[in-house]
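These notes concern the structure reproduced below.
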Amino acid sequence: MGVKGFVEGGIASIVAGCSTHPLDLIKVRMQLQGENLPNPQAHNLRPAYAANSAAIPHNSIHVPPPPTRVGPISVGVRIIQSEGVAALYSGVSATVLRQTLYSTTRMGLYDVLKQKWTNPETGNMPLLSKITAGLIAGGIGAAVGNPADVAMVRMQADGRLPVSQRRNYKSVIDAITRMSKQEGVTSLWRGSSLTVNRAMIVTASQLASYDQIKEMILENGVMGDGLGTHVTASFAAGFVAAVASNPVDVIKTRVMNMKVEPGQAAPYKGAIDCAMKTVKAEGVMSLYKGFIPTISRQGPFTVVLFVTLEQVRKLLKEF
């Protein structure tokens with residue numbers, strides 16, 4: 001039964017991840033809006049020129065205006081216009097690997113804990129136990145899947161960089177291999193504390209909310225145990241997960257995407273430093289940057305995840 005839960009959760013997660021990948025890519029691009037990109041020309045100034053820059057007339061130096069913040073539809077259109085339709089699936093190989101490692105682990109462990117902690121008399125599990133199971137399963141799953149998560153973020157964000165600074169990873173395997181050689185094996189777990197924290201929040205809120213809302217619908221006789229109940233409970237669970245996890249997700253995306261040059265200080269010292277710099281430069285609401293595409297992705301992802309999961313459970317019921 002334990003292995004069966006991993007298989008069911010893995011299949012559902014891969015289907016959901018691939019079908020909502022373009023929305024996830026748009027979310028990543030929006031979360032990186034406003035972040036200062038490295039300017040190679042700034043390092044090419046001669047010391048004398050840099051020291052005397054105050055004496056140069058202001059209008060003789062062109063300072064590009066800050067980028068305009070745009071919504072998810074505009075971001076999607078710009079990606080298609082500048083990079084092509086296929087760019088919406090940049091990093092999809094990393095998504096498949098991430099879902100295989102991270103989501104299969106968290107869904108399977110949650111199912112194992114759910115079977116152990118469910119009250120045999122009522123057939124239900126207390127809400128606190130559901131949240132605890134989600135926290136444990138999400139944390140372990142994130143630790144296992146962090147390398148694929150880092151690769152996915154980088155592959156999704158690569159198109160926003162200047163051509164000369166793009167990493168141009170060919171696949172998730174190429175990304176992981178090059179990161180290990182160029183930045184060390186530890187770079188594969190960059191931002192892992194954030195990934196674990198986010199995964200614990202997402203899994204606890206998503207899986208616990210789905211089970212709790214589904215139980216309430218069935219117990220109150222609002223609907224039967226069918227597609228309507230699954231869609232309603234899963235969309236509500238997706239909204240709860242998006243609200244709870246978005247601030248951590250923004251910081252995680254920026255820490256994972258930062259480019260560390262040899263001999264130079266990293267843009268962020270860690271998660272707290274990134275959060276403080278982000279809030280200071282862009283305001284508190286910047287932690288909810290990309291929320292619309294997050295909920296636009298989290299809602300469909302959660303619906304596809306649980307509807308697929310319920311169907312896979314029916315197909316594998318006899319096994």
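Atom set for the values below is all heavy atoms of this structure, side chains included, hydrogens, waters and symmetry mates excluded.
Remark: N124 CG to K214 NZ distance equals 10.5 Å, nearest 0.5 Å. With rounding to the nearest 0.5 Å, the separation of CD1 in I272 from OG in S193 is 8.5 Å. Rounded to the nearest 0.5 angstrom, M125 CE and L113 CG are separated by 8.0 Å.
Residues Q99 and T104 have side chains that never bring a donor and an acceptor to within less than 3.5 angstrom of each other. For Y169 and R154, the side-chain atoms include at least one donor-acceptor pair closer than 3.5 Å. Between the side chains of Q182 and R167, no donor-acceptor pair is found at a separation under 3.5 Å. Side-chain N/O atoms of D211 and Y110 include a donor and acceptor closer than 3.5 Å.
Within the 4.5 Å cutoff, side-chain heavy atoms of L309 are placed close to those of F306. At least one side-chain heavy atom of W117 sits under 4.5 Å from a side-chain heavy atom of T132. Taking the side chain as every heavy atom from C-beta outward, V172 and M152 never approach each other to under 4.5 Å. Residues T253 and L32 are in side-chain contact: their nearest non-hydrogen atoms beyond the backbone lie under 4.5 Å apart. At least one side-chain heavy atom of V243 sits less than 4.5 Å from a side-chain heavy atom of Y288. You'll find the side chain of V202 reaches within 4.5 Å of the side chain of R106, heavy atoms only. Between K252 and N197 there is no side-chain heavy-atom pair separated by less than 4.5 Å. Contact annotation: the side chain of I140 never approaches that of Y102 to less than 4.5 Å [non-hydrogen atoms, C-beta and beyond].
The closest donor-acceptor contact from the side chain of S209 to the backbone of Q206 lies at 3.5 Å or more, if one exists at all. Checked by atom type and distance alone, the side chain of S187 pairs as donor or acceptor with a backbone atom of M179 at under 3.5 Å. S192 contributes a side-chain N or O that, together with a main-chain N or O of W189, makes up a donor-acceptor pair within less than 3.5 Å. When atom types are taken as modelled, the side chain of R198 and the backbone of N246 share no donor-acceptor pair closer than 3.5 angstrom. Between the side chain of N220 and the backbone N or O of M216, at least one donor-acceptor pair lies under 3.5 Å. Formation of a donor-acceptor pair under 3.5 Å by the S19 side chain with backbone atoms of A16 is found in this model. Of the possible donor and acceptor atoms, one in the side chain of T302 sits under 3.5 Å from a partner among the backbone N and O of Q298. T308 contributes no side-chain N or O that, together with a main-chain N or O of L305, makes up a donor-acceptor pair within less than 3.5 Å. The backbone N or O of F291 sits nowhere less than 3.5 Å from a side-chain atom of K27 that would complete a donor-acceptor pair. With T232 contributing its side chain and T229 its backbone, the two residues share no donor-acceptor pair below 3.5 Å.
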Derivation of the side-chain contact (heavy atoms from CB on, under 4.5 Å) call for I251 and V248: CA-CA 5 Å; I251 304 304; V248 180; 5.9 Å; no
Given the rule in the salt bridge (Lys or Arg N to Asp or Glu O under 4.0 Å) test, do E215 and K130 qualify, once you have shown the distances and angles that lead to the verdict? CA-CA 12 Å; E215 286 175 11; K130 293 172 185 169; 2.9 Å; yes
Residue pair K317, E310: steps toward the salt bridge (Lys or Arg N to Asp or Glu O under 4.0 Å) verdict: CA-CA 10 Å; K317 189 175 181 179; E310 297 285 359; over 6 Å; no
Take S93 and M155, measure what side-chain contact (heavy atoms from CB on, under 4.5 Å) needs, and give me the verdict at the end. CA-CA 10 Å; S93 61; M155 292 174 76; 4.0 Å; yes
Please assess E83 against L88 for the test side-chain contact (heavy atoms from CB on, under 4.5 Å), listing each intermediate value before the final yes or no. CA-CA 9 Å; E83 303 170 48; L88 293 174; over 6 Å; no
Step-by-step salt bridge (Lys or Arg N to Asp or Glu O under 4.0 Å) determination, R166 to D158: CA-CA 6 Å; R166 290 181 186 176; D158 209 36; 5.7 Å; no
Apply side chain to side chain donor-acceptor pair (under 3.5 Å) to residues Q156 and N257 and explain how you reach the verdict. CA-CA 10 Å; Q156 289 178 332; N257 186 59; over 6 Å; no
Worked check of salt bridge (Lys or Arg N to Asp or Glu O under 4.0 Å) between E282 and K277: CA-CA 8 Å; E282 304 167 51; K277 286 181 178 177; over 6 Å; no
Does the pair V307 and L227 meet the rule for a side-chain contact (heavy atoms from CB on, under 4.5 Å), with working shown? CA-CA 7 Å; V307 169; L227 184 62; 3.8 Å; yes
N146 and T195: CA distance, side-chain angles, deciding distance, side chain to side chain donor-acceptor pair (under 3.5 Å) verdict: CA-CA 7 Å; N146 200 82; T195 307; 2.7 Å; yes
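In terms of heavy atoms, A157 sits closest to V28 at CB-CG1, 4.3 Å. Taking every heavy atom of both residues into account, M107 and L207 meet most closely at SD-CD2, 3.8 Å. Counting all heavy atoms, side chain and backbone alike, P300 lies closest to S296 at CD-O, 2.6 Å. Considering all non-hydrogen atoms of both residues, T278 and S286 come closest at CG2-OG, 3.3 Å. V255 approaches G270 most closely through the heavy-atom pair CG2-O, 4.3 Å. Here the shortest heavy-atom pairing between A242 and T294 reads CB-CG2, 3.9 Å.
Grouping the Ile, Leu, Val, Met, Phe, Trp and Tyr side chains by contacts below 4.5 angstrom, directly or via other members, places V304 apart from F235. Residue L128 is not grouped with residue I201 when hydrophobic side chains (ILVMFWY) are merged at heavy-atom distances under 4.5 angstrom, including chains of intermediate members. Cluster annotation: L25 is not connected to L23 through the hydrophobic network of ILVMFWY side chains, with a link wherever side-chain heavy atoms come within less than 4.5 Å. Note on V3 and L316: same hydrophobic cluster, where clusters join Ile, Leu, Val, Met, Phe, Trp and Tyr whose side-chain heavy atoms are under 4.5 Å apart, directly or indirectly. If you chain together hydrophobic residues whose side chains sit under 4.5 Å apart, M256 and V144 fall into the same group.
Crowding of I73 atom CD1: a count of heavy atoms from other residues, nucleotides or ligands under 6.0 Å not exceeding 12. More than 12 heavy-atom neighbours from other residues, nucleotides or ligands sit within 6.0 angstrom of CG on L315.
Between H21 and Y89, the ring planes lie parallel to each other; the angle is under 30°, not in the 30° to 60° tilted range.
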